[in-house]
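These notes are about the structure you will find just below.
Naming: A, B, ... by sequence-line order, numbering from 1 per chain.
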Protein chains: 2
Amino acid sequence: MSPATPYLRVDTARLRANVARVAERAAAAGVSLRPHAKTHKCAEIARLQLEAGAVGLTVATIGEAEAFAGLGVEDLFIAYPLWLTEDAARRLRDLAGRADLAIGVDSPEAARRAGSLLEGTGIAVLVEVDSGQHRSGAAPSDAGAVGAAAAEAGLPVRGVFTFPGHGYAPDAPATAADDEARALRAAVRSFEAAGLEPDVVSGGSTPTLEHTHTEALTELRPGVYVFGDAQQWELGTMTPDAIALTCVATAVSHAGGRLVLDAGSKALGADRAAYATGWGRLPAYPDARVVQLSEHHAVVDLAGAPLPALGSLVDVVPNHVCNAVNLADVLWADGEPWPVVARGRNS
Amino acid sequence: MSPATPYLRVDTARLRANVARVAERAAAAGVSLRPHAKTHKCAEIARLQLEAGAVGLTVATIGEAEAFAGLGVEDLFIAYPLWLTEDAARRLRDLAGRADLAIGVDSPEAARRAGSLLEGTGIAVLVEVDSGQHRSGAAPSDAGAVGAAAAEAGLPVRGVFTFPGHGYAPDAPATAADDEARALRAAVRSFEAAGLEPDVVSGGSTPTLEHTHTEALTELRPGVYVFGDAQQWELGTMTPDAIALTCVATAVSHAGGRLVLDAGSKALGADRAAYATGWGRLPAYPDARVVQLSEHHAVVDLAGAPLPALGSLVDVVPNHVCNAVNLADVLWADGEPWPVVARGRNS
């Protein structure tokens, strides 16, 4: 029996090809690969990535780290500027007994606080720097001061990291990759001026991957590449035939001559970047656009194509696959349910 | 101990006031109230609504109906144009033994299909009509034909319903309520011309509530009113001091002089309507805007207000509360966890 729609379906052949392609690229460039597991949150995919040579996983939260440590993953980096509470520190100390663990910091205050709560645990820090997204991250020239604060607070300082998230825009990936290399080099100089030796210089993202200046990095942390999504499709950074996750939906209404599917924002996510042409794309109808999205309805403009019959199954590629996966309890892979074990682990 | 951030907090005094206010409005107008439970998906809130006089609950999916029937709710309307599979029909038949159950249809084909699978179960249908949102729903003048198809297929035909969703825009609620009344009256005429008597004429939504022509309806189905959200705030349809759900976040970074919170699109949802001024609002900073949203970061422009210290807790009102709730496993209400029992029940 097929699952009831809407559900998320994984094309495992494409998934394996995506995992292999990026693993090979990292190996050819001589850099480590530490994929971001926030995209898939699944044991099965983590295992594929580690078997393909990943040195460990990247996660965004302590809860994701707990989920993957619980699956036996032994090397985890929480690539986030954590501000630790006593309880968060207790959870990290528990994790440190089960995995090689590193966390992000982006200010001397956060570094000192982490030191006061984690000294002696072996938990390492990496300093986040801002390479142009202007989200979190210290200025690259301040990386040494943040690292020095962590070292003085008694923590092992492993290196620096950035996320070139401003590469998520048309024609932006190459420039963002240039910015990333420049920021990481400046962060390394700042570390060296503070008497610190960065062992890890970490960056990377799916859209910038082909442009990454791998000579400036030791480690790549892309996430979305395992599945791809409509954002990658529309940015031109993955082709539609590489996309390994779709939401299978049913045509439930032809009201007003429209195609209405039962996949809404509670299945696809509500993401719509400024450059997106709609709320998802349909592989079988490349010219179609999802022109209206409610919680349980996608209204599709088919650009003149004939309406599929009521009851037809139609695949939709979500705009942002990380958020679509985080809505589902399971992904369906070749008829098998893969639990989204870290779903909702936001803290 | 407080939950780790980000988490969703319910102000139960405001929640109770919102539940009472809309119940009183419905009672004063002499119409039934059947609140949409997709907003909260919680046993505790369903109970409050039923205790305040709601005749039953509205849900969007069979899975939500199963969740609420499992909690003992005995009157459920799936306000959605279902296209039934054999398995969906089997689940509905199971439900029919436990609750008074009605479903939506919006075409003669769907009505005939429902009849072929559900005849003799007592499951009733309501015909959805389009009052101007142009999503699903038959043309009002076709309501009678759809109803007649359902009756001929052996199903009890209970009436008509609409959702005036085009009221979700600035200055649109009053006009949408006018459209709703016009569409429902036309649907009733169409029913009567087909020899059908609609017992239920159902409409309503939170933004249009104050404008609803209650003389044209027998039943209201608002959902969001229990909590409110930044959409209602920005539409002016609920005041900030009525908003009963916030996402509690921590100030994790001051990078670049910005306020960065740990509540991102995996906690708030990624919704951003065309009229929204950002990705959520901050009650303590009415002039502030969430100007950038990632999965685990909200970057806030404080409009000149002083930065709260790192580690401070800051409340964020999600843009669209239904999608925020559907991301969480629990809501925190006066320190007590309320399970989101129908989370992720999309089918």
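- With A:Arg272 contributing its side chain and B:Arg272 its backbone, the two residues share no donor-acceptor pair below 3.5 Å.
- Within the 4.5 angstrom heavy-atom criterion, no atom of B:Asp142 approaches chain A.
- The closest side-chain heavy-atom distance from B:Ser294 to A:Gln133 is below 4.5 Å.
- Side-chain contact between A:Ser253 and B:Glu128: absent, with no pair of heavy atoms (C-beta onward) separated by less than 4.5 Å.
- Remark: the backbone N or O of A:Leu327 is paired with a side-chain donor or acceptor of B:Arg343 at under 3.5 angstrom.
- Between A:Asp130 and B:Arg258 the shortest side-chain heavy-atom distance falls below 4.5 Å.
- Neither the backbone nor the side chain of A:Leu259 comes within contact range of chain B; no heavy atoms are under 4.5 Å apart.
- In this structure, a donor-acceptor pair under 3.5 Å is present between the side chains of B:His320 and A:Glu295.
- Options B:Gly256, B:Ala88, B:Ala4 differ in how many heavy-atom pairs under 4.5 Å they form with chain A, and the most are formed by B:Ala4.
- Interatomic distance, A:Trp83 CH2 to B:Leu310 CG, rounded to the nearest 0.5 Å: 4.5 Å.
- For chain B, the nearby part of A:Arg91 is the side chain; its heavy atoms alone come within less than 4.5 Å.
- If you tally non-hydrogen atom pairs under 4.5 Å between each of B:Pro6, B:Gly165, B:Gly264, B:Ala267 and chain A, the highest count goes to B:Pro6.
- Within the 4.5 angstrom heavy-atom criterion, no atom of A:Ala139 approaches chain B.
- Counting heavy-atom pairs under 4.5 Å between each of B:Ile62, B:Asn346, B:Asp271 and chain A puts B:Asn346 at the top.
- When each of B:Leu84, B:Asn326, B:Val260, B:Val299 is checked for heavy-atom pairs under 4.5 Å with chain A, B:Asn326 comes out on top.
- When all heavy atoms of A:Cys322 and B:Lys266 are compared, the closest pair comes out as O-CE, 3.6 Å.
- In this structure, a donor-acceptor pair under 3.5 Å is absent between the side chains of A:Ser107 and B:His254.
- The choice from B:Ala298, B:Gly344, B:Gly269, B:Gly137 that makes the most heavy-atom pairs within less than 4.5 Å of chain A is B:Gly137.
- The residues B:Arg345 and A:Asp329 are annotated as not salt-bridged, no charged nitrogen and carboxylate oxygen being separated by less than 4.0 angstrom.
- The greatest number of non-hydrogen atom pairs below 4.5 Å with chain B, out of A:Ala328, A:Ala255, A:Ala263, is found for A:Ala255.
- Using a distance-only test at 3.5 Å, with no hydrogens or angles considered, a donor-acceptor pair links the side chain of A:Tyr80 to the main chain of B:His296.
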key: Full working for side-chain contact (heavy atoms from CB on, under 4.5 Å) between A:Thr5 and B:Ser347   = CA-CA 6 Å; A:Thr5 63; B:Ser347 39; 5.8 Å; no
